[in-house]
Amino acid sequence: MLVEKVTTLLRHFLNFQQLKQLHTLILVHDLNHLNGLLIHQLITSQSTYSQNISHYLRSILLHLKQPDAGSATSVIRYFCTHTRFQEAFALYVELHTSGFVPSTFSVASALKACARTGNKNGGTMIHGDLAKAEELFSSMTNKDVVSWNSMVSGYSRNGDMDKALSLFQEMPERKLSSWNAMISGYVECGKVGLARNFYNSMPERNSISCITMIGGYSKCGDVESARELFSKMDRKDHLLYNAMITCYAKNSRPKEALHLFSEMIEPNVKVQPDKMTLATVTSACSQLGELSFGSWIHDCYMKQLGIAMDDHLCTALVYLYAKCGSIDTAFNLFHKLNKKDVVAYTSMILGCGLNGKEQIAIKLFDEMMESNIRPNLLTFTGVLTALSHVGMVEESYHCFNSMKKYGLVPTPDHYSLMVEILGRAGRLEEAHDLIKGMPMKPHAGVWGALLLACSTHNNVELGETAAKHCFELEADNSGYGSLLANIYAGAGRWEDAKRLRNSIHEKGLVKIPGSSWMDHMQA
DNA sequence: TTAGGGTTAG
């Protein structure tokens, strides 16, 4: 009697409070099988993400003695559709450790969350669950397209394209989304050519197929192929524009990104941008140091379109303002973030480090460490840049050496910064030793930093060594020759200086503005 | 009652 009553009630539209009351009823009367329905209603009654609901959903699931796969999948998907991939994956791990038996659907959802958070280790963990899911799948009597697709996407997200392909070929009725899952898998493992073969042989395509391909070309730097596919699409929605604008921005072609954006909003095209478009366009502005266009987006355009701020867009603006030296505005936005993550902190640290606010950059880094936010390679670029400007050698060493604590391997750029720091302090031999001990081949920027230091400290011998490497690595950059000539002149070796300057002149080399070590200082 | 494919920030 009660069961029917609660079930009927659950099929009606109820608000959060009413659903909570029903949940109490379910708990008291041990009507566990109704939890799935309750969870579904809780999710569908919400149009936006809410912290409240999210906590509540988690607690319902985790208090179940045996959470069913359907409910678990619904909640994981709730997090995913609201781009809370970390929460989605964390929930899956929690369920897993409490003995939850995964289904094909829950595995596919968890893998999606994993892929979007860049969590490779998680993918490996789920691999084991995938085998269980496959068992479950083979025992299913009436497999529908959704279950087939879940298996295909499960394997393709896990990088097992052989299995994904054989399942795909076995599928009785392939849908558009099945093809898209295959394309996405090949793109993910860097096989963009194979992805393109699939794309070409598809019976029909939608904008998702095209977006996936553009993303693949973007990742491998093939902007031209991306543009070719983009141009061929006759109906272009804002998602397609977003993908292409992102492709330009990610491949350091910010001008083309802005150009395509202006094309998108032209009166005769008039595709409505969303917050993703604006986040990407803001990023293109940052690359160009184009503050006026970016602040127009912030001050006018968002209001005009009725687009609300979100953390991604806000972070893009934080970096724009910080990089352009408007540290106060950057800070105001930074404090408005719902969640200050590694990207937000790094944006502030980089911006402050570049604009003479070194102490603030260092303070932000400490604050970030105290909040247990894991730094990444770019965070260290930011903090080392700040430290280099104030000449804090021992702190820099400490910082540089702490990278491995976070599983980070310093890149040649980080070595460049250390060489610059040691060089400024006049510790040239030490800088040279650091270069000699590098586990990878130093690029011209590393030797360039040493060469620059040798010129400020008048060290001819080491300067010659550094210059020799620079010439080898970047033969067409005359900046290095000029630096060495200055060193000769400073040491009174006028003949050598003259000889070098003449040879630069003869080769017709023009000093390239912003050589690579300058880029490191200004990037 | 639910479950599958894509694009955003340093």
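Residue numbering restarts at 1 for every chain, and letters A, B, ... go by the order of the sequence lines. Every value quoted in this text rests on a predicted model; they were computed, and no experiment measured them.
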How would you label the contact of [X] with the nucleic acid (heavy atoms, under 4.0 Å): base, sugar-phosphate, or nothing?
X        : result
A:Ser109 : sugar-phosphate
A:Ser283 : sugar-phosphate
A:Arg205 : nothing
A:Ser177 : base
A:Lys175 : base
A:Val152 : nothing
A:Gly36  : base
A:Asp341 : base

Review point. Do the numbers put A:Arg374 on top of the ring of A:Tyr406, so that NZ or CZ is under 6.0 Å from the six-membered ring centre and no more than 45° off the axis?
Key: no
Could A:Lys236 and A:Phe230 be counted as a cation-pi pair, given that NZ or CZ must be under 6.0 Å from the ring centre and within 45° of the axis? yes
| request: Would you confirm whether the ring centroid of A:Tyr241 sits within less than 6.0 angstrom of the ring centroid of A:Phe261? | output: no
*asked:* Determine whether the aromatic ring centres of residues A:Phe137 and A:Trp148 are separated by less than 6.0 angstrom.
replied: yes
Identify all side-chain donor-acceptor contacts of residues 360-368 of chain A below 3.5 Å with residues at least two apart in sequence or on another chain.
from: A:Glu367; atom 1: OE2; to: A:Tyr345; atom 2: OH; distance (Å): 2.8

Can you check salt bridge (charged side-chain N to carboxylate O under 4.0 Å, His left out) on A:Glu188 and A:Lys219, steps first, answer last? CA-CA 9 Å; A:Glu188 201 49 51; A:Lys219 253 178 227 146; 3.6 Å; yes
Outermost contacting nts on DNA chain B, any atom under 4.0 Å from chain A heavy atoms, listed 5' then 3', are B:dT1 to B:dG10
